[in-house]
Structures are given as C-alpha cells and as structure tokens.
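Accompanying notes for the structure given below.
Each chain gets a letter, A, B and so on, in the order the sequences are listed, and its residues count up from 1.
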Amino acid sequence: MTNTTNSIAPNFIKTIVEEDLRAGKNNGRVTTRFPPEPNGYLHIGHAKSICLNFGLAREFSGACHLRFDDTNPIKEDVEYVESIKRDVRWLGFDWGDNLFYASDYFERLHDYAQELIRRDKAYVCSLSAEDIRAYRGTLTEPGRNSPYRDRTVEENLDLFARMRAGEFKDGEHVLRAKIDMASPNVSLRDPVIYRIKKAAHHRTGDAWCIYPMYDFAHCLSDSIEGITHSICTLEFENNRPLYHWFLDALETPCHPEQIEFARLNLSYTVLSKRKLIQLVQDKAVSGWDDPRMPTITGLRRRGVPPEALRTFCDRIGVARADSLVDISMLEHCVREVLNARAPRVMAVLRPLKVIISNYPEDQIDELEAPLHPESPEMGTRVLPFGRELYIERDDFMEEPPKKFYRLAPGREVRLRYGYYITCREVIKNSLGEVVELHCTYDPASRGGGTPDGRKVKATLHWVCAKTAKRATVRIYDHLFTTPNPNEAPEGKDFRHNLNPNSLEILESCLVEPHLAAAETGSRWQFERLGYFSVDPVDSTPEELIFNRIISLRDSWAKVQAAEGKKV
RNA sequence: UGGGGUGUCGCCAAGCGGUAAGGCACGGGUCUUUGGAAUCCGCACUCGGAGGUUCGAAUCCUCCCACCCCAGCCA
C-alpha cells in the first residue's frame, strides 16, 4: 500500500549516495537541490525530480535546496517562482531555510568569470551569433578558433568590464570559455558563458545587463551551496564534462557530482514546458491549472491528492532508459488513496425520474447510511427517501442485453441503502424516449435487505427528488487521443492529437443533501461512478461544481467494449 | 556520418557470473447492499540480435541492429 517507511524505492542514484556514504565522501553529508527555472509551471515530471531530490535528503538526513535557476530574465517571472514554491509545498516537501536563487550569486559568478579570464581560460568574443554558429563546426566536422580567441588578459578584462558597464548593445560581445574548438563534444567548443541582455530581471531589476549561461552558473551555484549530488535529466549528460571543467578551472568550495536520470514521459499527455505553455496560449485549456493539465496546479485543482503523486513517483522508479509510463499507473495511485479516504455519497449525473407508485405521496423516510462502509469510524449521514426519485439513465434499459443486470421492465433491483424496487411501467414522450419509470417498492426491504433473503442482481445509486441539490459536474478525459501525442502526421504537431472530448460538462446533476455543505476542494466518491472534488475556483455553496478526479474501475464498460468488438 | 547514452513481459522496473523480484495493464476464480473495494490464481524456459569465454551468462568479451541526446548569445 502506501509507503510509510519514509524511504524511497531503491534506484541507481540512491545506490550511488549509499556508496558515497559508505566511502565517507563529503563527511557523510548529503545535500541535493531542486533547481527549476521560473519560466513556467511545474508538472508531474518535475514531481518525479522533487520526490527524488527531497526524498534522498529526507532519507539520509541531509538537505534539499530549492534553487531558482534564474539566469535568463527574458523568460522568467515572479508569477512562476510563487507557483513553484506553492507546488513544492503542496507536494509535501519543505526546503526549510534553503531557498536560493542563482541571481543571488551574480556578483560571485561575475568574479569567477573574471578569474577565468585572468587564468587565460575565457575570452571576450566579438563574433556575431551567426558567425559563432558557423565557427562551431558541425557534429562531424570540428570547429575553428574564433579570431578573438587570442586577446590578451588585459584586453579581455577591459572588454568584460565594459560589457558589464553597459557600453555595448545586446549581442555585440560574449564571454566564452577557452576550451577546445575541435572537441567531438560540441558543448566543449568554447561555450558562451556570459551574454549581454539589456533586460530587467525579476529579482535584480536593472542591476545587470550581462547574465551568465546555465553551464557556467549551475555548477558554480551547486558548489557555492555545497551540493553533494547534483541530479538532473539525461539531456544534460553531454554537459557533464563542462560542469567539471569549470569546477576544475577555478578554486571552488567543493566539487559536486552530476548524476543524470531519464525524464518522465506519460501516455496521453505532454510534459514539456514549451508545449504546455502553448496549450495555455492557444486556449486549448483554460489555463495552467486546467484540471486536464499534467501540471501540479492542474492536478491539484482536479482533486488529485499529493500523496497519490508521491506514491506514483515512487513506483515508476528512477532509471536511465527513455520510457513512456502508462497513465493507468497514475490513475491507479489516485484511486488507491481516494478509495481509502473519500467518503461515499450518491449523485445522479444523468437523471431519469422514478415514481414509486405504492409509496405515500408526501412521506420522506430518513434513512441512515455509512459514509464509508469499510471505515465505520467515518460516521454516517441521513439519506432521505421519497415517492419521487431519480436514478442514472444508464441504469435502465428497456431491452436489456444478456449481460446487463440493472433495471429493466419487470425487473427488481436494490436502491443502495434504500429499498428494493420493481419496474412496472415505462413512460415515453412523443419521440419515444423514456422519460419516467413507474415502480413499486417492497416496504420490508428498508435499508436494502429483505427478510426472505432474496437476491437482486444489481444495486443502483439514486437521489430523492424532493431533497436533492442540483449541481454541475465536469467530466474529464485524457487531453490527447493517442498514447504518444508527439507522434503526429507529417506537417502536424502534437496539437493535432488533442482530444476534442476531454471535457464534458453536465449541468443537471442531482446530488444528495449531505453534499450541500461540501467544502471547497473536498473529495468524495459518488458511488458507482468515481471520485469527485469540489472545484476550488468556480464552485460556490449556491452553485456546486464538481470535478471528476477519476472514474471507478468499470468492468461493465469492459463487457460492453468486448461485446462491441464481437459484433 | 563525430561524440555521449539506452535496449529485461503490452507499460514501468529489479537484477551486477549461479540458473528471470515487484507494480501497472490484462485474463480467470472467490467474496460483495458500489459491475467498486478486498482476496486468490495465471501472465518472459527467456533478457535487442549473432558469435565467443565459462561447469554455468540478462550479467564478461566481440561484432551487429534499433532508439534517444548534442551544432541556443535556452535551461
């Protein structure tokens, strides 16, 4: 079940940490960091990294820093830093006092850059962006040295100072590390480490007009913070030699180890900030917190409990092979925690009126029903029963196929925690549509049992017409129709695979009165249907709006699908 | 076609020379006042392929194949 041992599942990174500890490395200290760039909202792929980094720190009594990698002011914004902090906290992790920003190190980073110049390991290059690209060579051909590569230390120092002073326009000069233009690893071909960007930074304002690049800032920030294990995703593997090059070229507080793992891919969705931001901008979704989004904020609004995300991250493991995790794995984790915790109530999404013809006109029977049959300590609620009820349209069929064992003409079923009813008459409108059922009930079956012990095949959920409350229910489906949305036909992109039916809004739902007091964000199981939560943004006590978090497993749907296939 | 990686069940993933864990999915049984839950059973003679080393190989060696990453003044 749930991982209560406070330890993360074994994986190769944990093994490395354990070996380092055994070898006495870093004086037995473990310090990790989660280093997001504040240029978008966090998604479930980040949750994997958060659980790994914070989980490691927790397990080995170390620390995990939250550090914003804010070296590109053009893309970044405080809105994102606030959302990231909120999401990490919501996931259940605490960075304590260890909240940092790469921008806090700008002065020190600048000093390191000057030192690199003094050691003749960096130079100011005045090639245009296009020329730098041309000089870099290709994957199969080496690059050529920049004509500015041999500037003197003094000249470089002077030029770099003037870059900082704002004497040049964007792109006029850059500072480059002097490494090897012939390296088969392209990232070592004199990478740019500082560029001029006359842009206001969300934290440093206009104090700077030169900003460090990732490769330079990241390893040094790690070192400044005393990080022991710098965990990142596989696409940074080519940058690892560079990570070490800077730390070896300078005198730094410590030399962390960079370890890469495979990023998460989830079926039927996309996990890339670029693509997610596109969905938001295109208005394909209502925003970053649209309950269909794989963002942390979207999942939270949907009603997914943070614990489900944690167990999910634990179960998918951490490895180096590219993979596409089946979304059913996530769905299983969500159902697992909700099954244990969500109180049970009844709601009818597509109502069909039922008249109990032998039930007294104005009588309301107040039944008592458990909020969770397997956890009696969760208490009970009062369930009113009257002459006029509503059941789910799908629970009645005039001409039932063999495997359908719900209500049908002449058939007897149980109303959950209510009575046994038998369908006597089907009322239709002029179009031939079923609009009402006349049934009779067995007064001896109150509560759902019967003295003679006779069995019924089905138990239906229902709601009492007189006391039910109207509600809107939003049914969510996968955002994309294909397991890997990135595989689109020629000339199309991932948006081609968007599911046009990912949201269905049902506005004439009826819920039992107990739900009238449902709190914002509270999660419920609507019996036989699924788990639902009160939408934190749009729901009001007068106008209840529920989000379907996830359906219940539905073996009847499987039967139908199988029958459909046979035909 | 340079360099760096990865290939174990439909999907994740353990395994690190001693004869293939676990989870999801799937199929079946039991139980059931949710066609839910719970529970039981089944589900890789085989580890990308071909050779080789060894008493013994998913694990070691050789070659081959497939896929991913890298040519931002993004991270």
Side-chain angles (χ1 to χ4, degrees), chain A residues 9-11 35-37 39 69-72 74-75 125 127-129 132-134 136-143 170-176 183-189 191-197 210-211 213-215 217-218 232-241 260 262 264 267 273-274 312 314-333 335-336 339-340 344 346 369 373-374 403-406 414-418 420 445 447-450 455-461 483 525-530 551-559:
Chain A
N11 62 60
E37 183 189 14
N39 66 345
D69 226 332
D70 54 351
T71 57
N72 186 358
I74 290 170
K75 293 187 175 178
C125 181
L127 249 23
S128 67
I132 286 182
R133 193 181 316 123
R136 188 151 34 222
T138 67
L139 295 179
T140 50
E141 307 154 23
D170 285 17
E172 228 176 307
H173 306 281
V174 291
L175 184 67
R176 292 227 254 170
S183 174
N185 182 342
V186 183
S187 66
L188 258 21
R189 318 237 264 228
V192 172
I193 59 180
Y194 263 93
R195 74 291 213 194
I196 301 170
K197 270 185 197 291
I210 56 171
Y211 293 93
M213 297 283 288
Y214 167 85
D215 288 302
H218 202 89
C232 61
T233 45
L234 246 25
E235 63 269 27
F236 291 100
E237 196 166 13
N238 295 317
N239 304 44
R240 194 184 355 164
E260 312 86 14
L264 172 67
S267 64
K273 276 194 213 168
R274 205 204 93 233
F312 170 74
D314 213 53
R315 280 174 199 178
I316 55 174
V318 177
R320 287 174 64 85
D322 292 318
S323 63
L324 178 62
V325 174
D326 196 318
I327 196 153
S328 67
M329 185 85 94
L330 207 213
E331 294 172 344
H332 172 264
C333 294
R335 288 191 183 105
E336 184 179 70
N339 174 53
R344 268 110 245 234
M346 290 195 283
E374 281 150 49
K403 285 178 180 166
F404 181 90
Y405 51 80
R406 276 111 94 145
R414 171 170 40 233
L415 293 183
R416 173 143 250 225
Y417 302 130
Y420 282 16
S445 64
T450 192
K455 299 278 186 225
V456 286
K457 281 282 264 188
T459 299
L460 309 187
H461 60 277
Q525 186 195 96
F526 290 177
E527 291 214 46
R528 302 209 307 134
L529 296 174
S551 68
L552 248 26
R553 285 184 62 214
D554 188 351
S555 42
W556 166 238
K558 273 182 205 166
V559 170

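A donor and an acceptor atom, one from each side chain of Ser328(A) and Asp326(A), are located under 3.5 Å apart.
Among the heavy atoms of the strands, none lies under 4.0 Å from Glu331(A). At the heavy-atom level, Ser555(A) lies under 4.0 Å from the strands shown only through sugar-phosphate atoms. Nucleic acid contact class of Arg133(A) (heavy atoms, under 4.0 Å, all strands): sugar-phosphate only.
For Leu175(A) and G72(B), the CG to P distance is 19 Å, given to the nearest whole Å. Distance, Ile193(A) CD1 to A75(B) P: 13 Å, rounded to whole Å. The distance from atom CZ of Arg553(A) to atom P of U34(B) is 15 Å, rounded to the nearest whole Å. In this structure, the OH atom of Tyr214(A) is 11 Å from the C1' atom of C74(B), given to the nearest Å. In this structure, Asp314(A) atom CG and A14(B) atom C1' are separated by 14 Å, rounded to whole Å. Atom NZ in Lys455(A) sits roughly 11 Å away from atom C1' in C31(B) (whole-Å rounding). One atom, CG of Leu552(A), and another, P of G35(B), lie 9 Å apart when rounded to the nearest Å. At whole-Å resolution of the value, CZ in Arg189(A) and P in G72(B) are 11 Å apart.
Between Arg136(A) and G72(B) there is a side-chain N or O to OP1 or OP2 distance below 4.0 Å. For Arg528(A) and G35(B), the shortest distance from a side-chain N or O to OP1 or OP2 is below 4.0 Å.
Partner assigned to C67(B) is G5(B), using Watson-Crick or G-U wobble distances below 3.5 angstrom. Base pairing of G51(B) is made with C61(B), judged by Watson-Crick or G-U wobble geometry with both donor-acceptor distances under 3.5 Å.
Nucleotide G51(B) carries an anti base; the chi torsion (O4'-C1'-N9-C4 or O4'-C1'-N1-C2) is more than 90° from 0. Against the 90° criterion about 0, the sugar-base torsion of C43(B) places it in the anti range.
Place Pro373(A) and His218(A) on RNA chain B by their nearest nucleotides, and Pro373(A) ends up nearer the 5' end. A residue-by-residue look at Met213(A) and Ser445(A) shows that Ser445(A) has its nearest nucleotide of RNA chain B further toward the 5' end.
Here Glu527(A) pairs with Arg416(A) in a salt bridge; the nearest charged N to carboxylate O distance falls below 4.0 Å.
Under the rule for a side-chain hydrogen bond (donor to acceptor under 3.5 Å, both in side chains), Asn72(A) has no partner lying at least two apart in sequence or in another chain.
Between the side chain of Asn11(A) and the backbone N or O of Gly317(A) there is no donor-acceptor pair closer than 3.5 Å.
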In B/S/- notation, 5' to 3', how is nucleotides 2-10 of chain B contacted by protein heavy atoms closer than 4.0 Å? BBSSSS---

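The aromatic rings of Trp556(A) and Phe404(A) sit perpendicular, their planes meeting at an angle over 60°, well past the 30° parallel limit.
Taking every side-chain heavy atom of Arg406(A) into account, G35(B) is the closest of A71(B), G35(B), A14(B).
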Please lay out, stage by stage, how Thr459(A) and Arg414(A) fare under the test side chain to side chain donor-acceptor pair (under 3.5 Å). CA-CA 5 Å; Thr459(A) 299; Arg414(A) 171 170 40 233; 3.1 Å; yes

